[in-house]
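First the structure, in the form of structure tokens, and then the observations on it.
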Amino acid sequence: MASDGTNDAARRILAAIRALPAGEVAGYGEVARRAGLPGRARLVARLLSTVAEPGLPWHRVLRSDGRVAFPPDSDGFVEQCARLRAEGVPVANGRVRMPRRGPSLDETLWGPPG
DNA sequence: GCTTTGACCATAT
DNA sequence: CATATGGCCAAAG
């Protein structure tokens, strides 16, 4: 069987996005990570941009910052925002509540004087 | 085969 | 919180 690495990777990414439960969101890097492709965040974006898989909850995929990956004046932006709200995801000004990344150990240990 | 582009990410200012 | 910079990878010209 001709298992193409790139094609196989795309398949895993799509599977990871499909595994996203309604009401939850994840960043491109997060999706790539779950797909077993750490550091391929851009690949996930390209996949959604080039390939439009039907039934794929692409609207649950956001940036790491929790912001929509589309420009505020793009149709995709409005579309994603509306879909997220329809699933119970509070979207404000194109931003979604995302858990902050843990602070650096240096900041945690040497940051606050103690 | 090099250059450009892209629904990105992390860090620093 | 916004902007700027460097890095990363893969597809198209």
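In what follows, chains are A, B, ... by sequence order, proteins preceding strands, each numbered from 1. None of these values were measured; they are calculated from a predicted model. The figures here come from the full heavy-atom set of this structure, side chains too, leaving out hydrogens, waters and symmetry mates.
Under a cut-off of 6.0 angstrom, the local environment of CD in A:Glu24 is sparse, with at most 12 non-hydrogen atoms contributed by other residues, nucleotides or ligands.
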With 3.5 Å as the limit, what N/O pairs link the protein to nucleotides 8-13 of chain C?
unit_1	atom_1	unit_2	atom_2	d
C:dC8	N3	A:Arg42	NH1	3.3

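Here C:dC1 presents its P atom at 11 Å from CG of A:Asn93, a figure rounded to the nearest Å. A straight line from CD1 of A:Ile13 to P of B:dA7 spans 15 Å, rounded to a whole angstrom. The distance from atom CZ of A:Arg95 to atom C1' of C:dC1 is 7 Å, rounded to the nearest whole Å. Rounded to whole Å, atom C1' of B:dC8 lies 12 Å from atom CE of A:Met98.
B:dT5 and C:dC8 have their C1' atoms separated by 14 Å, with the value rounded to a whole Å. For the C1' atoms, the distance linking C:dG7 with B:dG6 amounts to 14 Å, nearest Å.
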Report task. Start with the C-alpha distance between A:Val25 and A:Val61, add both sets of side-chain angles, then the distance that settles side-chain contact (heavy atoms from CB on, under 4.5 Å), and finish with yes or no. Result -> CA-CA 6 Å; A:Val25 295; A:Val61 188; over 6 Å; no
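For residues 80-92 of chain A, every residue pair satisfying the side-chain hydrogen bond (donor to acceptor under 3.5 Å, both in side chains) rule, not counting sequence neighbours, is listed here: A:His59-A:Glu87, A:Arg60-A:Glu87, A:Glu79-A:Arg83.
Residues A:Tyr28 and A:Ala69 come closest through the heavy atom pair OH-CB, 3.3 Å. Nearest heavy atom pair, residue A:Val44 against residue A:Ala32, reads CG2-CB, 3.7 Å.
For the atom pair A:Arg67 CZ and A:Leu62 CG, the distance stands at 12.0 Å (nearest 0.5 Å). Between the CG atom of A:Leu56 and the CG atom of A:Leu48 there is a distance of 6.0 Å, given to the nearest 0.5 Å.
No side-chain donor-acceptor contact under 3.5 Å links A:Ser74 to the backbone of A:Phe70.
Both A:Arg33 and A:Tyr28 lie close to DNA chain B; mapped to their nearest nucleotides by heavy-atom distance, the more 5′-ward contact belongs to A:Tyr28.
Of the residues listed (A:Arg33, A:Arg40, A:Arg34), the one engaging A:Leu37 in a side-chain contact (heavy atoms from CB on, under 4.5 Å) is A:Arg40, and it is the only one.
For B:dA10, the OP1/OP2 oxygens have no side-chain nitrogen or oxygen of A:Arg63 closer than 4.0 Å.
Using a 4.0 Å cut-off on heavy atoms, the residues of residues 64-86 of chain A that approach DNA chain B are A:Ser64, A:Ala69, A:Phe70, listed by number.
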